[in-house]
Amino acid sequence: MHWFDELFPRIESFLGDRSDIVISAGLSVSGLQHVGRLRGEVILANAIAEGLRKKGKDVKQILILYTQDSWKGKEGQLSQFDGESGKEYIGRRLIDVPDPKGCHDSWVDHYWRDFGDVLDDFARDVKVTSTTDVYKLDDMKKNVLELLGKADEIREMVNKYRGRLKYPEGWIPFEPMCKECGKIGSAETLSISEDGQVSYKCSCGDEGVSSMEEGKLNWRLEWPSLWKVLSVDIEPFGKDHATPGGSRDSCKDLAKNIINLIPPFGIPYEWVGMSSEGTDLGDMSSSDFKGFTPREWLELGESQALRFIYLQANPSKRIVLDLAKMDIYHDHLDSGYKSYWQDEKGEEDELRTRTYEISAVEHIAREGMFILPYREASLLTQISPAEDKMHWVVSRLTDTGILTKELSGDEEQYMSERIDLANTWIEKHAPANYQVTLLEELPSDVKGELTKEDMSSLTVFRERLEGTDWNEDALKGTMMQMTKEEDFPVKTKRFFRNLYLVLLGKEQGPRAAPFLSILQKDFVLGRLDEATQS
RNA sequence: GGGCCCGUAGCUUAGCUUGGUAGAGCGAUCGGCUCUUAACCGAUAGGUCAAGGGUUCGAAUCCCUUCGGGCCCGCCA
């Protein structure tokens, strides 16, 4: 059984007959908004939201940006600024840190773009909000004031979870913004008035007043407060909060005993790492600027391919992404499509089918679509002429019998998109052995790879080409005929190996006839001469 | 020091809750398609289920220990 189908009924029974459901997740815009953050906060949440919608529930999916949190000024964050210029922003709210690149209004705005602008491609109907916005809500203000009335009680509970640094009597669980130094979290709250004015004393020496909505609650209260104010029913959260006795448990405790609230159904999930050339580079990290963004993913691959990866694996398992494996990821997606429309399904097909179903962004692709494998697309794009590429590809596929029908509009559209993606992949991330690069010069070591017979086979080919028309059919005919002759010096397979070697420097390559036909005849003849000279 | 998650063929993984000595896809190798390669079809190879121990007639599956990757148990969120 698919892990999703074990999880989902548990959620349903938690929800009971409630019909208006909120599923929420949060993230801090501390830096690079990498694709790992799509896993739990966006895609997992969305799959559940969609599942509930199918059951007739009215579901709202929220993504909360923790913009009110302070900017830590970690090494990776500071390095975004010129020299030391970032240091002065340490301790400010994320929303108050300027854009180090100067092209957006703020840090948050700058780094959010590569994620937020393409969010809709990965999950529909996600309502994005921020803690900065939430603190401006009347409900939140009312909630904060209520909590302040229970300061003693709260202090006792929070101190249970703290080691030596217990909060002293009279502590107010609110972190005001200091008007003087602009920081959050470095001032002590002295009092808060009913109309939301916070008197504080800051470690910078300032004693002043700032508005409640500029500050924030202590995190152990903030989290449960968001649950309350936004009426959160379901919430995925990262593994850092997941350990029993860890942060989320303490927040649940506060929620139940202070706010009198049933905590949302929580779903812990593992993080996403990245690897390159077989080496695990570790988990993606926002503030360390490690990873790649959803926008970068979309240059190379379909959003559903990523959803498929994320939803196939149990949330408790770590996933490692490698952009060099884009072809494999699309193969997985394609096999999901195939299984989905298959009549008789084995167990494996059933699992793939479920993954495919819940990975669909908006609707499931119709039956019988012609789907060009990504790897094939990556080859074709390299050997096709730049102009009228689609036409060339379609006729290639038709000639080889891979394509046996007229493509409909949506099929052609899909193929064209995939070719574009694969093209970018080849340019930027594909393994070297997938790259078909015509050797401008014949390297000397290639000749060392050729035996006398190898050379002789190329010589024969060179002679035959003289009288061959330079088009695919004629080339194919010549090669077929030639390699079948009794006295041809090498086996067919060896001949192609030789041909690829002198043209590409590799033993394999794209289908020879169509490939040769788009090259200049003189170039090919010249290369063969060069390779066979003793 | 305590706790939690993860570790199955080169890669992605199913099976683990309710024990009966491992299934699949991709890749690889070989062969087929009277168009040869990275499409398609067929076959083959590849796993002491991280390691060791225990329970059991029998363990990938339950228990213990160890190793490896990571997280939490201070602050911060």
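Letters go in sequence order (proteins before strands), and every chain restarts at 1.
For NZ of A:Lys338, the number of neighbouring non-hydrogen atoms (other residues, nucleotides, ligands) closer than 6.0 Å is 12 at most.
Counting any heavy atom pair closer than 4.0 Å across all strands shown, A:Ser247 reaches a base atom. Using a 4.0 Å heavy-atom distance criterion, A:Gln435 is classed as making no nucleic acid contact. At the heavy-atom level, A:Val272 lies nowhere under 4.0 Å from the strands shown. Residue A:Phe488 is classed as having no contact, given no heavy-atom separation below 4.0 Å to the nucleic acid. Among the heavy atoms of the strands, none lies under 4.0 Å from A:Ile328. At the heavy-atom level, A:Ala513 lies under 4.0 Å from base atoms of the strands shown. When heavy atoms are screened at a 4.0 angstrom cut-off, A:Tyr66 is found touching the sugar-phosphate backbone but no base atom. Contacts of A:Trp271 with the nucleic acid, taken as non-hydrogen atoms under 4.0 Å apart, involve only primed sugar atoms and P, OP1 or OP2.
Defined by atom type and a distance below 3.5 Å, a donor-acceptor pair is present between the side-chain atoms of A:Tyr269 and A:Glu41. Between the side chains of A:Ser339 and A:Lys345, no donor-acceptor pair of N or O atoms lies under 3.5 Å. Defined by atom type and a distance below 3.5 Å, a donor-acceptor pair is missing between the side-chain atoms of A:Glu175 and A:Tyr200.
Distance check on atom C1': B:rG47 versus B:rG15 gives 14 Å, rounded to whole Å. The separation of B:rG2 from B:rG74, taken at their C1' atoms, amounts to 15 Å, rounded to a whole angstrom. B:rG42 sits 31 Å from B:rU48 when the C1' atoms are compared, rounded to a whole Å. Between B:rG19 and B:rG54, the distance separating the two C1' atoms is 15 Å to the nearest Å. Taking atom C1' on both nucleotides, B:rA60 is separated from B:rA51 by 14 Å, rounded to a whole Å. Atom name C1', nucleotides B:rC64 and B:rG46: the rounded distance is 32 Å, in whole Å. Here the separation of B:rC16 from B:rC63, taken at their C1' atoms, is 14 Å to the nearest Å. Taking atom C1' in both B:rC26 and B:rA45, the straight-line distance is 15 Å, to the nearest Å.
The residue among A:Glu222 and A:Ala313 whose nearest nucleotide of RNA chain B lies closer to the 5′ end is A:Ala313. Both A:Arg352 and A:Gln382 sit near RNA chain B, but only A:Arg352 has its closest nucleotide nearer the 5' end.
The side chain of A:Tyr434 sits closest to B:rA38 out of B:rA77, B:rA38, B:rC4. Listed nucleotides B:rC71, B:rC76, B:rA38 differ in distance to A:Asn218; the shortest reach to its side chain belongs to B:rC76. Closest to the side chain of A:Glu348, from the set B:rC26, B:rC76, B:rG23, is B:rG23. Which of B:rC35, B:rC4, B:rA38 sits closest to the side chain of A:Lys476 comes down to B:rC35. The nucleotide whose nearest atom lies closest to any side-chain atom of A:Asp331 is, among B:rU36, B:rC26, B:rA14, B:rC26. For A:His332, counting side-chain heavy atoms from C-beta on, the closest listed nucleotide (B:rG70, B:rU12, B:rG27) is B:rU12. Checked against B:rC26, B:rA38, B:rG7, the side chain of A:Lys317 finds its nearest nucleotide in B:rG7. Taking the side chain of A:Met480 as heavy atoms from C-beta on, and the options B:rU36, B:rC76, B:rC71, the nearest nucleotide is B:rU36. In this structure, the nucleotide among B:rC4, B:rG25, B:rG27 sitting nearest to the side chain of A:Pro244 is B:rC4. For A:Arg162, the listed nucleotide lying nearest its side chain is B:rC76; candidates were B:rC76, B:rA38, B:rA77.
A:Arg39 places its CZ atom 12 Å from the P atom of B:rC6, with the value rounded to the nearest Å. Protein atom NZ of A:Lys72 is 6 Å distant from nucleotide atom C1' of B:rA77, rounded to whole Å. Look at CG on A:Asp69: it is 15 Å from P on B:rC75, rounded to the nearest Å. Here the C1' atom of nucleotide B:rC5 and the CG atom of A:Asp283 are 12 Å apart, to the nearest Å. B:rC11 atom C1' lies 16 Å from atom CE of A:Met326, rounded to whole Å. Nucleotide B:rA77 holds its P atom 12 Å from the CG atom of A:Leu226, rounded to whole Å. Between the CG atom of A:Leu217 and the P atom of B:rA77 there is a distance of 11 Å, given to the nearest Å. Regarding A:Lys160, its NZ atom lies at a distance of 18 Å from the C1' atom of B:rG74, rounded to whole Å.
For A:Lys239 against B:rC71, no side-chain N or O and base N or O form a donor-acceptor pair under 3.5 Å. Residue-to-nucleotide contacts include no donor-acceptor pair under 3.5 Å from the side chain of A:Glu347 to the base of B:rG23. Judged by distance alone, with hydrogens and angles left aside, A:Thr243 brings a side-chain donor or acceptor within reach of the base of B:rG3, the pair sitting under 3.5 Å.
Under the Watson-Crick or G-U wobble criterion, with both distances below 3.5 Å, B:rC40 is paired with B:rG32. With a cut-off of 3.5 Å on both Watson-Crick or G-U wobble distances, the partner of B:rG7 is given as B:rC67.
Minimum heavy-atom separation, A:Ile90 to A:Gly73: CG1-CA, 3.8 Å. What you find for A:Phe174 and A:Met212 is that their closest heavy atoms are CZ-O, 3.2 Å.
For A:Ser316, no side-chain nitrogen or oxygen approaches OP1 or OP2 of B:rC5 to under 4.0 Å. For the pair A:Lys216 and B:rA77, the criterion of a side-chain N or O lying under 4.0 Å from OP1 or OP2 is met. One finds a side-chain N or O of A:Arg375 lying less than 4.0 angstrom from the OP1 or OP2 phosphate oxygen of B:rG27.
Aromatic ring centroids of A:Trp425 and A:Tyr374 lie under 6.0 Å apart. Between A:Trp219 and A:Trp223, the gap from one ring centroid to the other reaches at least 6.0 Å.
When each of A:Arg352, A:Arg418, A:Arg375 is tested with A:Asp334 by the rule salt bridge (charged side-chain N to carboxylate O under 4.0 Å, His left out), just one qualifies, namely A:Arg418.
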